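The structure displayed is predicted, hence computed values, not measured ones. Excluded from the calculations below are hydrogen atoms, water molecules and symmetry mates; all remaining heavy atoms, backbone and side chain alike, are included. In this chain, residues are counted from 1 in sequence order.
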Amino acid sequence: DHPWIQYTLNSLAVLYWNQDRLDEARPLLERALDSIRRTHGEEHPYTAQVMNNLGFLLLVQGDHAAARARIERALGVQEAVLGSDHPEIAVTVLNLARLNAETGDAASAASLYGRGIRIREAAFGADDASLGEPLRARARALRALGREADARAAETRADRIGDGAS
């Protein structure tokens, strides 16, 4: 349960994830999360961060119910501990937006993408490259809602900014 081991497990899981070795990443994230819960408790920002990582991995693997439980719980902890507009929350909000988009809730997805974008804008500026991908995702959600003009505006802005890592 040493913090270095927890950090290493999480980092190695992210590395495996980036190499598309998802089945190897998942047990590392689960082990890291269990250890972090024991040392930091459930209501800690690092617990929430790793829980969100695990939730997003589950989302990518198609386990939407398990992903939703982790991501929503992580967001609840982050909002309680960090506040509703803290920059770290943006990743979790955007993950929840993607989950809602993938499960057919375009209205919630569009709203959450908007929230994540606003948080990032406040923290990093309106032209930050990390806004490109969420703007494009929001455009897809808006288009699914029949809001073509809003979708085009989001896409135009994404084109102007670029597609940085989200």
Side-chain angles (χ1 to χ4, degrees), residues 1 3 6-7 9-11 13-14 17-18 22 25-26 28-142 144-145 147 150 154 157-158 161 164-166:
D1 285 341
Q6 297 164 350
Y7 178 80
L9 288 168
N10 185 54
S11 296
V14 171
W17 180 346
N18 290 332
L22 302 181
R26 183 175 176 171
L28 295 175
L29 283 173
E30 290 169 341
R31 184 173 160 203
L33 182 58
D34 288 343
S35 178
I36 293 163
R37 281 177 166 150
R38 284 191 300 274
T39 58
H40 297 296
E42 190 72 22
E43 305 292 323
H44 191 276
Y46 193 44
T47 305
Q49 178 189 4
V50 175
M51 190 179 310
N52 180 55
N53 288 350
L54 179 58
F56 189 72
L57 178 75
L58 294 165
L59 167 61
V60 170
Q61 290 182 317
D63 189 348
H64 294 138
R68 182 172 304 283
R70 303 308 188 293
I71 295 169
E72 287 180 346
R73 177 69 183 125
L75 183 58
V77 170
Q78 289 173 327
E79 288 174 333
V81 175
L82 301 173
S84 62
D85 294 325
H86 192 281
E88 285 185 34
I89 289 178
V91 172
T92 309
V93 168
L94 293 171
N95 287 347
L96 186 56
R98 178 172 167 177
L99 174 63
N100 287 339
E102 287 191 15
T103 57
D105 187 353
S108 178
S111 176
L112 287 165
Y113 279 125
R115 179 181 174 199
I117 290 165
R118 285 189 301 277
I119 293 169
R120 282 194 173 168
E121 285 172 335
F124 307 119
D127 293 325
D128 187 75
S130 74
L131 296 171
E133 191 280 324
L135 281 164
R136 289 187 193 291
R138 185 163 195 264
R140 288 189 297 274
L142 291 167
L145 295 171
R147 295 173 54 189
D150 293 332
R157 184 167 170 219
I161 291 172
S166 63

(message) Let me confirm one number: the CG-CG distance from N52 to L33, rounded to the nearest 0.5 Å.
(response) 11.0 Å
(request) Give me the one residue out of E133, R138, R140 that meets side-chain contact (heavy atoms from CB on, under 4.5 Å) with R136. (result) R140
(message) Among V93, T92, V91, exactly one meets side-chain contact (heavy atoms from CB on, under 4.5 Å) together with N95. Which residue is that?
(response) V91
(message) For Q6, run the side-chain hydrogen bond (donor to acceptor under 3.5 Å, both in side chains) check against D34, T47, T39 and tell me which one passes.
(response) T39
(request) Answer yes or no: does atom CZ of R68 have more than 12 heavy-atom neighbours from other residues, nucleotides or ligands under 6.0 Å? (result) yes
(message) Rounded at 0.5 Å granularity, tell me how far CZ in R157 sits from CG in L131.
(response) 5.5 Å
(request) For residues R26 and W17, determine if any side-chain heavy atom of one lies less than 4.5 Å from a side-chain heavy atom of the other. (result) no
(request) Evaluate the side-chain proximity of L75 to I89: yes if any heavy-atom separation is below 4.5 Å, no if none is. (result) yes
(message) With rounding to the nearest 0.5 angstrom, report the CG to CG distance, N53 to L28.
(response) 12.0 Å
(request) Please report the shortest heavy-atom distance between L99 and H64, naming the atom on each side. (result) CD1-CD2, 3.6 Å
(message) How close do P87 and I119 get, counting heavy atoms only, and between which atoms?
(response) CA-CG2, 3.9 Å
(request) Grab the two heavy atoms, one from L112 and one from A97, that are nearest each other, plus how far apart they are. (result) CB-CB, 3.6 Å
(request) Could you tell me the separation between the CG atom of D150 and the CG atom of L145, rounded to the nearest 0.5 Å? (result) 9.5 Å
(request) Would you check, one step at a time, whether the test side-chain contact (heavy atoms from CB on, under 4.5 Å) holds for V50 with L29? (result) CA-CA 7 Å; V50 175; L29 283 173; 4.2 Å; yes
(message) For the backbone of G114 and the side chain of R118, can you confirm whether one donor and one acceptor N or O come within less than 3.5 Å of each other?
(response) yes
(request) Work out which heavy atom in A32 is nearest to a heavy atom in L9; give both atom names and the distance. (result) CB-CB, 3.8 Å
(request) Quick one: do D105 and T103 satisfy side-chain hydrogen bond (donor to acceptor under 3.5 Å, both in side chains)? Show the steps, please. (result) CA-CA 6 Å; D105 187 353; T103 57; over 6 Å; no
(message) How close do I117 and L94 get, counting heavy atoms only, and between which atoms?
(response) N-CD2, 4.4 Å
(request) Mind checking the CD-CZ spacing from E42 to R37? Nearest 0.5 Å is all I need. (result) 4.5 Å
(message) To the closest 0.5 Å, what do you measure between CG (L58) and CZ (R70)?
(response) 5.5 Å
(message) Can you give me the closest heavy-atom contact between E43 and V81, atom names plus distance?
(response) O-CG2, 3.6 Å
(message) Keeping R115 on the side-chain end and S111 on the backbone end, is there a donor-acceptor pair under 3.5 Å?
(response) no
(request) Examine distances only and state if a side-chain atom of R120 and a backbone atom of S130 form a donor-acceptor pair shorter than 3.5 Å. (result) yes
